[in-house]
Amino acid sequence: MALTETELNAVSDVYWQSGGAVDQYFKGNVLMYRLLKKGNKYPGGKKIKQILEYGEPHGGSFNSQSTFDTNKYEEFTAAFFKAGYYYEPITYDIDDEVENAGDAQKVDLITSKLKSAQKKIRSKMADDLYASTGYGSTGRKILGLLAMISTATTSYGEISSTDLPEWTAGTVSSSAASLTLNKLRTLSTACVVGDDPGDEPTIMVTTRTLMDVVKSQTLPHLKLENSDLADFGFKNVIFEGKPVVADYKCPSGYMFALNENYMDFKSHSSFFFKREPWMRPTNAYKFTSQIIWVGQMVCKRRNAHGYYSSLS
């Protein structure tokens, strides 16, 4: 008996509500795991607004004769980001119906197609996370790390770095160099933005090759791991209090120092990897659905992040 549109939706809903579906989006890419797993949403609108605090202190020491400065100073501004749109299609047609005998095989096939689509949309988003420097010709891409971490004066979040000191990267270097623990330390230190514990990088992300270099320079008995990352399958080494993690999507030769307190993924509340209902075209024996995510990676301080790009 052929599966109907109603049955396809029922099978998909059971999979989606089983508890493991959402986790599929966080596996495989450490930044999507760390940022998207927070689940921060925005309700909609033409642009995503990110409040920035930038005011400098105006008080100081005083004595009994001092007059306080009671002037009002601007201490907040906002960056604005366009949302990125991502989708992954899923199609079930007559070949699948004919070649998979029995309801159990058909259900397994649908589940496999859903899992595959989840991996594909995650993979495409991760590609742009590392490579995208702009919205693209349609204005619907993620603004990636190379857009966020930049010393250029071009506009990012509709703000120019000439107008806001915090709006240029902590460090960007393309000088060829061997990766050493001192290099890690220098990169991290360049991205410290204050005295609070949350004002220094919280994670360092690199390639699997460079991760092996880090591990080879770390004493065996000091190879501690961040348990949260390790439990989710991300191998890492703790260096001066922060995890150094390998990501297979990271470009060759790169090491990123990131402060997750000053960056975020904002997802549209109605399109957080939403699965559209299965639909059947009137002129073909097939059913189609899409997984859709709408949102953007946003930043609060660009000088809290940095990278080296020619390490070996």
Side-chain angles (χ1 to χ4, degrees), residues 30-31 34-35 50 52-54 56 77 79 81 128-134 142-157 159-215 217-218 226 236-247 249-265 297-312:
V30 66
L31 289 181
R34 298 274 283 205
L35 298 176
Q50 177 61 58
L52 312 177
E53 183 176 353
Y54 71 97
E56 296 295 326
T77 187
F81 299 89
D128 287 346
L129 176 63
Y130 282 105
S132 172
T133 57
I142 287 174
L143 281 178
L145 292 175
L146 298 185
M148 181 181 79
I149 308 172
S150 173
T151 55
T153 58
T154 52
S155 178
Y156 171 77
I159 298 175
S160 170
S161 59
T162 57
D163 299 324
L164 192 64
E166 294 87 349
W167 218 234
T168 186
T171 185
V172 171
S173 175
S174 59
S175 300
S178 298
L179 177 59
T180 62
L181 296 185
N182 192 53
K183 276 287 181 186
L184 284 178
R185 185 174 295 111
T186 303
L187 173 59
S188 178
T189 301
C191 301
V192 175
V193 294
D195 299 328
D196 292 337
D199 286 340
E200 63 179 77
T202 58
I203 191 170
M204 304 184 81
V205 183
T206 189
T207 66
R208 291 177 176 176
T209 299
L210 291 179
M211 181 66 182
D212 287 340
V213 175
V214 174
K215 289 190 290 187
Q217 297 184 52
T218 309
N226 175 284
N236 64 93
V237 172
I238 299 296
F239 175 73
E240 297 188 347
K242 63 185 69 65
V244 182
V245 193
D247 188 338
K249 290 287 189 177
C250 184
S252 177
Y254 276 74
M255 172 71 75
F256 292 91
L258 305 170
N259 189 326
E260 297 151 294
N261 298 311
Y262 293 105
M263 60 188 295
D264 198 4
F265 258 116
M297 187 174 74
V298 299
C299 179
K300 298 178 183 178
R301 295 186 69 144
R302 297 175 86 186
N303 62 344
H305 321 281
Y307 68 80
Y308 290 160
S309 62
S310 298
L311 298 174
S312 61

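Judged as a ring-ring contact (aromatic ring centres under 6.0 Å, His included), not a single pair has a partner in residues 178-208 (not counting sequence neighbours). Within the structure, salt bridge (Lys or Arg N to Asp or Glu O under 4.0 Å) contacts touching residues 184-199 (residues at least two apart or in different chains) are R185-E240. Identified under the salt bridge (Lys or Arg N to Asp or Glu O under 4.0 Å) test for residues 253-262, with sequence neighbours left out: R34-E260.
By the side-chain hydrogen bond (donor to acceptor under 3.5 Å, both in side chains) test, Q50 is found to be paired with K266, residues two or more places apart in sequence or in another chain being considered. Every side-chain contact (heavy atoms from CB on, under 4.5 Å) that T186 has, sequence neighbours left out, goes to N182, Y308. Partners of K300 under the salt bridge (Lys or Arg N to Asp or Glu O under 4.0 Å) rule, at least two apart in sequence or in another chain, do not exist in this structure. For A190, the side-chain contact (heavy atoms from CB on, under 4.5 Å) partners are T171, not counting sequence neighbours. Judged as a ring-ring contact (aromatic ring centres under 6.0 Å, His included), and not counting sequence neighbours, the contacts of F265 are W293. By the side-chain hydrogen bond (donor to acceptor under 3.5 Å, both in side chains) test, S188 is found to be paired with K242, residues two or more places apart in sequence or in another chain being considered. In this structure, the side-chain hydrogen bond (donor to acceptor under 3.5 Å, both in side chains) partners of Y130, at least two apart in sequence or on a different chain, are D247. In this view, S309 and S174, Y254, Y307 satisfy the side-chain contact (heavy atoms from CB on, under 4.5 Å) rule, not counting sequence neighbours. N303 meets the side-chain contact (heavy atoms from CB on, under 4.5 Å) test with E166, V193, R301; sequence neighbours excluded.
At distances below 3.5 Å, at least one donor-acceptor pair connects side-chain atoms of Q217 with backbone N or O atoms of L179.
Side chains of T209 and T207: no donor on one and acceptor on the other come within 3.5 Å.
With contacts defined as side-chain heavy-atom distances shorter than 4.5 Å, the pair L129/M297 qualifies.
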